[in-house]
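Contents: one structure, followed by commentary.
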Amino acid sequence: MVLNSLQIKAKIQEAVAQVLEKHYSIPYPAEKVSIEKTSPDFEGDFTVLLFPLLKLKIGKPEEIGEKIGKYLQYEDIVSNYVVIKGFLNLTLSDKLWQNFILFTNQEWEQFLNSAHVEKPQKILIEYLSPNTNKPLHLGHLRNGFLGASLAQILKAVGHQVNTVCLFNDKGVHICKSMHAYMQNGCTHTPQEKGIKGDHFVGDLYVQFERLLQEQIETLQKNQGLSKEQAMHQAPAMQAVQELYRRWEAQEPEVLDIWKKMNQWVYEGFEQSFETFGFHFDKYYYESQTYTLGKAIVQEGLEKGIFIQKPDGSVTIDLTSEGLDEKILLRSDGTSVYITQDLGTAEKRYYDFAPHISIYVIGNEQDYHMKVLKLILQKLGKPYAQGIYHLSYGMVDLPSGRMKTREGNVVDADEIAQEMILTAQKMTQELGKTEGLTPQELEKLYRILGLGALKYFLLKVDPQKRMLFNPEESIDFKGHTGTFIQYTHARIASVLRKAKEENLIFSSTFEPIFTAPLEKKLVLWLCFYPEILLQAAAQYSPAILANYIYEGARLFSNFWAELPILRAQPAEIAQTRIILASLTGKVISHAMHLLCIEVPEKM
RNA sequence: GGUUCCGUAGCUCAACCGGAUAGAGCAACAGAUUUCUAAUCUGUCGGUUGCAGGUUCGAGUCCUGCCGGAAUCACCA
């Protein structure tokens, strides 16, 4: 019994190795045989590449291909084969496909389980990790959807996965919004103003940045300072640094404001996390890990890996590794970003002891993450090797990078709301609200709006930067989450009708394939476990997203060209019902791994 | 300036880790609905894969050089 494309490929590889052994007395490792999906322009399902065999100098590719084809035919794996140049194109036998769909239909769990890795591992994923001085924006959403989806995918292939979120809740940037709040006389609350806490604090941050910008410009103009000098000398900046020193000194009045403001942000975040489906096993706070980070700095000093400068600051010299000198502790003894990361890394290890620790962080921090891993390695930390930076590309706007400071950001809550509203508008325009209660419709709009948003961000290879154009917004047609959801709704609809009409198949039923599109769909189905493994191995939900789209497109062709319920004779109808059912199951399962829901009706 | 990453159709993205004639969507145009949901389907148009070499049976993919873009090299996070 074959369950998936991997097993089919393995069978073919084995057959090739046996032919080489029997006919040419050449031992050839089966796994070295390259098998691919046959190009759509040619007849066949799988293709054996014969070129590599030429190096064995045992004959022409046509002859070797002929022998392999014969053997596979004899083994009842293929029904037909053609050798073209160095390609041996194989058409798998109907019998194999019949067994495949019957078995998969009956033993769905086994089909899914065939995607399990040999060695499950404990994997920790850190994602999202926002600053507590501003609300989430589109970039956070890419990060969040990537992390949340990756966790699902890794679980689906059998790993043990935990997710954590680190709040960057301390630092100079946090003090900026605090400073603005204090300047305003510590008046007003989010409740009073009727806005979410994270937005309330974010507005203060922007207010501060404006003030700072003004001061810098004035200093530059009046005193002829460089931009950098002006920034350090600006009264607002000095006030913030002073505030930060007081924070690290744990002055109660500063801590009180800090706690109050952070609490507002967490309340706002909680709402957003719920909307977007971000769930974590544990939260970390830099305000709680930086002291551990300082202890590690001390440890490094004792081991002679770090250097203390005369002014008191601590650094590490990485120039021999092709990097620079990195500061680990300021001269006034306060911690920097990486100090905190050292502490957090240590703490996570003691909490979860993962084999692999994935950090979902933007590629702007490639250098930082390289340094972090290197330092931990130099310190001889056992977990250093398992650190993996999943570096994803920025979400750019046509005008360039999003910058909170300059206010040109796409706000996460806003874009979600917009998407949901658009979904509502489209559903109403298309007249598809019938038969659904107001509550069901509300739910549908959310599923559609958020689905389109998530799919948009997940379909692109994580490593590549991507562009979001607010003018064009996100489509609901074509290569979109909506199209996939729509395909699922159609499948659900036809299956409901099949049930109503009592089109249930008997156990002795033998599927028949009469159209090429049916075979294309089966071929697509059998790849699901392989795709899952690939997406997991490459940490890429995009691979899965593109696979689902391909299936939805195939099914739409199928739907347009072939009748399902009314097909005659009944065996054909039943075969197509199974195909529809399996396609629906794969779409639904895979979409859930992308954290996208699929509707039964739309 | 050093380091790293990226250049594929007008636009947004693919291309199964070196395989056959580089594929989708959007946009534009032309068609398809007495039949299971037209948020769909079919067709047309659209390419010197930034440029130049190299490696080999075979290169968008690998190596070198150039051109163009981005990130980073903070006592910011």
Side-chain angles (χ1 to χ4, degrees), chain A residues 5 34-42 47 49 51-52 54-55 61 84-87 89 131 133 168 170-174 176 228 231-232 241 286 309 311-315 322-332 334 336-338 340-341 362-368 370 391 393-394 396 400-401 423 426-427 429-430 432 448 456 459-461 463-469 472 475-480 482-483 485-487 489-498 501 527 530-531 534 538 542-543 546-547 549-550 553 556-557 559-561 563-567 576 580 601-602:
Chain A
S5 57
S34 10
I35 314 274
E36 297 195 346
K37 223 164 126 178
T38 302
S39 158
D41 302 332
F42 297 86
T47 295
L49 298 179
F51 299 102
L54 296 181
K55 291 195 183 115
I84 307 170
K85 292 191 274 178
F87 302 96
N89 294 339
N131 293 343
N133 65 338
N168 295 296
K170 71 175 280 276
V172 170
H173 60 301
I174 304 296
K176 288 179 176 176
E228 200 167 328
M231 188 171 87
H232 285 295
Q241 262 147 11
E286 286 194 341
K309 300 234 160 160
D311 64 1
S313 64
V314 178
T315 62
L323 304 173
D324 302 85
E325 192 176 88
K326 186 85 181 170
I327 184 132
L328 302 169
L329 215 53
R330 293 193 185 91
S331 53
D332 64 2
T334 57
V336 291
Y337 183 34
I338 201 149
Q340 291 148 195
D341 275 353
N363 63 11
E364 59 190 348
Q365 295 195 34
D366 284 354
Y367 179 77
H368 173 81
K370 211 168 163 182
S391 161
M394 300 287 103
D396 286 329
R401 232 180 129 181
M426 301 227 2
T427 305
E429 272 173 14
L430 289 164
K432 298 206 172 188
L448 296 180
F456 176 82
K459 75 172 176 182
V460 181
D461 182 343
Q463 310 215 4
K464 294 193 179 169
R465 48 176 282 209
M466 62 184 293
L467 192 98
F468 172 75
N469 189 343
E472 295 167 10
D475 240 310
F476 286 81
K477 290 185 295 185
H479 187 177
T480 63
T482 316
F483 169 64
Q485 289 169 323
Y486 177 64
T487 308
R490 282 168 138 187
I491 292 172
S493 166
V494 80
L495 292 178
R496 274 195 302 273
K497 287 226 160 69
E501 296 178 22
F527 266 87
E530 181 175 349
I531 293 290
Q534 204 187 327
Q538 295 184 28
I543 291 174
N546 284 300
Y547 167 81
Y549 173 65
E550 193 191 327
R553 207 156 51 86
S556 287
N557 291 338
W559 176 281
E561 280 187 35
I564 298 173
L565 302 180
R566 286 173 231 314
R576 290 179 184 168
K601 286 182 190 173
M602 67 182 272

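Remember, predicted model here, so these are calculated numbers, not experimental data. Here is how names work: the chains are called A, B, and so on, in the same order as the sequence lines, proteins then strands, and each is numbered from 1.
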- Note on the structure: Residues passing the side-chain contact (heavy atoms from CB on, under 4.5 Å) test with A/Q463, sequence neighbours excluded, are A/D461
- Message: According to side-chain contact (heavy atoms from CB on, under 4.5 Å), who are the partners of A/R330, at least two apart in sequence or on a separate chain?
- Response: A/V172, A/Y244, A/D332, A/T334, A/V336
So which protein nitrogen or oxygen atoms get under 3.5 Å of nucleotides 11-17 of chain B's nitrogens or oxygens?
unit_1	atom_1	unit_2	atom_2	d
B/C13	OP1	A/L467	N	2.8
B/A14	OP1	A/D461	N	2.6
B/A14	OP2	A/K464	NZ	3.2
B/C17	N3	A/Q538	NE2	3.4
B/C17	N4	A/Q538	OE1	3.1
B/C17	N4	A/Q538	NE2	2.4

- Message: Which residues pass the side chain to side chain donor-acceptor pair (under 3.5 Å) test with A/E429, not counting sequence neighbours?
- Response: none
Atom pairs under 3.5 Å, N or O on each side, protein against nucleotides 29-36 of chain B: can you list them with distances?
unit_1	atom_1	unit_2	atom_2	d
B/U35	O2'	A/R566	NE	3.1
B/C36	O3'	A/K497	NZ	3.4
B/C36	O2	A/L565	N	3.1
B/C36	N3	A/I564	N	2.9
B/C36	N4	A/W559	O	3.2
B/C36	N4	A/L562	O	2.5

- Query: In the 5'-to-3' direction, what one-character label does each nucleotide of nucleotides 71-77 of chain B receive under the scheme B = base within less than 4.0 Å of a protein heavy atom, S = sugar-phosphate only, - = no such atom?
  - Reply: SSSSBSB
- Item | Partner set under side chain to side chain donor-acceptor pair (under 3.5 Å) for A/D475, not counting sequence neighbours | none
- Partners of A/R401 by side chain to side chain donor-acceptor pair (under 3.5 Å), sequence neighbours excluded? A/E364
- Message: Going by ring pair (Phe, Tyr, Trp, His ring centres under 6.0 Å), name the residues that satisfy it together with A/F51, two or more places apart in sequence or in a different chain.
- Response: A/F87
- A/Q365: what forms a side chain to side chain donor-acceptor pair (under 3.5 Å) with it, not counting sequence neighbours? A/Y337
- Taking only residues two or more places apart in sequence, or in another chain, which ones meet A/D396 in a salt bridge (charged side-chain N to carboxylate O under 4.0 Å, His left out)? A/R465
- Given pairs defined as Watson-Crick or G-U wobble with both distances under 3.5 Å, what dot-bracket annotation applies to RNA chain B, with ( ) intrastrand, [ ] crossing, | other strand and . unpaired? (((((((..((((.....[...)))).(((((.......))))).....(((((..]....))))))))))))....
